[in-house]
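I have placed the structure first, in the form of structure tokens, so that the comments after it can refer back to it.
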Amino acid sequence: MLVVMQSHATEEQVREVCKRIESLGLKAHPIPGSARTAIGITGNDGAVDLGVLESMPGVIECIPVSKPYKLVSRDAKAEDTIVRIPTGSGDVIIGGQHVALVGGPCAVESEAQVMAIAERIAQAGVRLFRGGAYKPRTSPYSFQGLGEPGLQILAKARKNFGLGIVTEAIDHESLDLVEQYADVIQIGARNMQNFSLLKRAGHAKKPILLKRGMSATLDEFLMAAEYILSEGNYNVILCERGVRTFADHSRNTLDLTIVPAVKRRSHLPIVVDPSHGTGVRHKVLPLSRAAVAVGADGLLVEVHHQPEKALSDGMQSILPDEFAQLTEEVRQIAALLHRTVN
Ligand code: PEP
Ligand code: MN
């Protein structure tokens with residue numbers, strides 16, 4: 001259910017409507033827009049008595065939302081959500097006209113490795129750095145990440161190079177720590193339907209990068225995001241990272257069709273990860289070009305200075321020089337579409 005306020009409704013009127021909603025035992029989510037504020041209502045299993053809200057000062061109408069998701073939907077908010085990520089070198093902006101790039105290794109392996117790669121990412125003019133301190137691995141015998149010492153290395157890279165840090169939380173415990181160190185908290189594909197983790201992410205004070213599950217439909221993906229918004233965190237960035245199909249020429253099938261599909265249904269920004277999406281180094285550049293051309297709000301790319309020695313995902317990691325070329329090419333493609341890359 002959505003309560004649509006008049007364009008000239010006062011903040012006081014919005015507050016009163018929220019109060020009334022809460023007094024009915026429901027949750028109110030005011031969603032300010034450039035033209036008007038809408039208030040999403042969640043927590044209602046059955047029908048809500050609309051009459052009482054519709055007659056309140058400042059309210060235009062109450063509309064039932066037929067989609068299973070509400071807060072992530074364009075019905076709730078017509079304009080694109082823009083997520084601002086503070087870094088040591090100014091805010092990085094994702095969404096709307098702004099395309100943001102993220103580069104870095106799959107995993108934090110050592111301080112020397114992170115510093116060597118971070119320097120090259122910053123040199124390419126990119127201000128967001130990725131790298132997992134907690135790695136969800138298919139095999140329990142594979143490298144699981146350095147944990148908190150890895151987060152401390154990332155914090156050092158942040159300080160040395162003015163980078164914002166994107167890093168994954170795999171459970172509640174790691175999320176508590178990642179929230180302290182990171183600028184963006186990544187929830188991985190394997191956790192897209194870890195509902196208790198999504199709820200915890202909804203209470204985090206940092207933006208969330210939510211990766212699509214490897215067999216998730218668009219509705220399931222948006223419902224996972226809805227979990228986060230419904231707990232109060234509206235700074236969610238979706239990430240397409242490929243799905244499992246019968247195709248065996250790549251690790252996953254990068255589903256770029258989901259970008260325009262998300263744009264139609266949701267106001268949330270969506271970035272594309274061509275590294276996990278293809279699993280093959282030489283496919284990363286062409287799919288990055290395609291992702292920006294199709295309207296993605298950013299790219300999440302694995303970069304390693306010594307991919308042959310990487311402890312995870314070396315096969316799909318590109319070299320720093322290749323990353324510099326990639327950023328140059330996608331800047332040109334974005335410019336054609338009147339978008340700026342940051
Ligand atoms: C990653 O980004 O390193 C990662 C583990 O990705 P995904 O969750 O998409 O597999
Ligand atoms: Mn990886």
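Remember, it's a predicted structure, so these values are computed and weren't measured experimentally. Quick note: numbers below take in every heavy atom, side chains included, and nothing from hydrogens, waters or symmetry partners. Just so you know, ligand 1 is whichever comes first in the structure, and atom 1 is the first atom listed for that ligand.
Residue contacts with ligand 1: R190 is placed with a nitrogen or oxygen under 3.5 Å of a nitrogen or oxygen of the ligand (distance criterion only). The shortest N/O to N/O separation between D273 and ligand 1 does not fall below 3.5 Å.
Classification of D313 and K135 as a salt-bridged pair fails, no side-chain N sitting under 4.0 Å from a carboxylate O. R130 and E302 are joined by a salt bridge, as a carboxylate oxygen and a charged side-chain nitrogen come within less than 4.0 angstrom of each other. Using a 4.0 Å cut-off between charged side-chain N and carboxylate O, D80 and K263 make no salt bridge.
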### Query
Between Q316 and H276, does a side-chain hydrogen bond (donor to acceptor under 3.5 Å, both in side chains) hold up when you go through it step by step?
CA-CA 7 Å; Q316 66 196 31; H276 295 85; 3.3 Å; yes

### Message
Test salt bridge (Lys or Arg N to Asp or Glu O under 4.0 Å) on R190 and E168; report intermediate values, then the result.
### Response
CA-CA 11 Å; R190 290 157 190 81; E168 180 166 354; over 6 Å; no

#### Entry: Test log, rule salt bridge (Lys or Arg N to Asp or Glu O under 4.0 Å), inputs K199 and E231
CA-CA 6 Å; K199 285 185 191 171; E231 296 293 331; 5.3 Å; no

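Annotation: atom 8 (O) of ligand 1 to nearest protein heavy atom, A189 N, 2.8 Å. The protein heavy atom nearest to atom 4 (C) of ligand 1 is H276 NE2, 3.5 Å.
The angle H276:NE2 - the Mn ion (ligand 2) - C106:SG amounts to 170°, with values rounded to 10 degrees.
Residue contact check: G188 has heavy atoms under 4.0 Å from atoms 8 (O) of ligand 1. Taking every heavy atom of R241 and a limit of under 4.0 angstrom, the matching atoms of ligand 1 come to 7 (P), 9 (O), 10 (O). Close contacts between ligand 1 and C106 involve ligand atoms 3 (O) [criterion: under 4.0 Å to a heavy atom]. Residue contact check: K211 has heavy atoms under 4.0 Å from atoms 1 (C), 2 (O), 4 (C), 6 (O), 7 (P), 8 (O), 9 (O) of ligand 1. Near K135, the atoms of ligand 1 lying under 4.0 angstrom from a non-hydrogen atom of the residue are 1 (C), 3 (O), 5 (C). Which parts of ligand 1 touch E302 is read off a 4.0 Å heavy-atom cut-off, strictly below it: atoms 3 (O).
Selection from Q316, R212, E168 by nearest heavy atom to atom 5 (C) of ligand 1 gives E168.
Under a hydrophobic clustering in which Ile, Leu, Val, Met, Phe, Trp and Tyr are joined whenever their side-chain heavy atoms come within less than 4.5 Å, directly or via other members, L177 and I170 fall into the same cluster. Under the 4.5 Å side-chain heavy-atom criterion for Ile, Leu, Val, Met, Phe, Trp and Tyr, F161 and L300 are members of distinct hydrophobic clusters.
Counting just the N/O/S atoms of E302, the one with the shortest distance to the Mn ion (ligand 2) is named OE2. In D313, the N, O or S atom that comes nearest to the Mn ion (ligand 2) is OD2.
The one candidate from K206, K205, R158 that meets the salt bridge (Lys or Arg N to Asp or Glu O under 4.0 Å) condition with D183 is R158.
Note on ring orientation: taking the six-membered ring where Trp is involved, the planes of F195 and Y227 are parallel (angle under 30°, cut-offs 30° and 60°).
The side chain of R130, and not its backbone, has at least one atom closer than 4.0 Å to an atom of ligand 1 (non-hydrogen atoms only; side chain from C-beta on).
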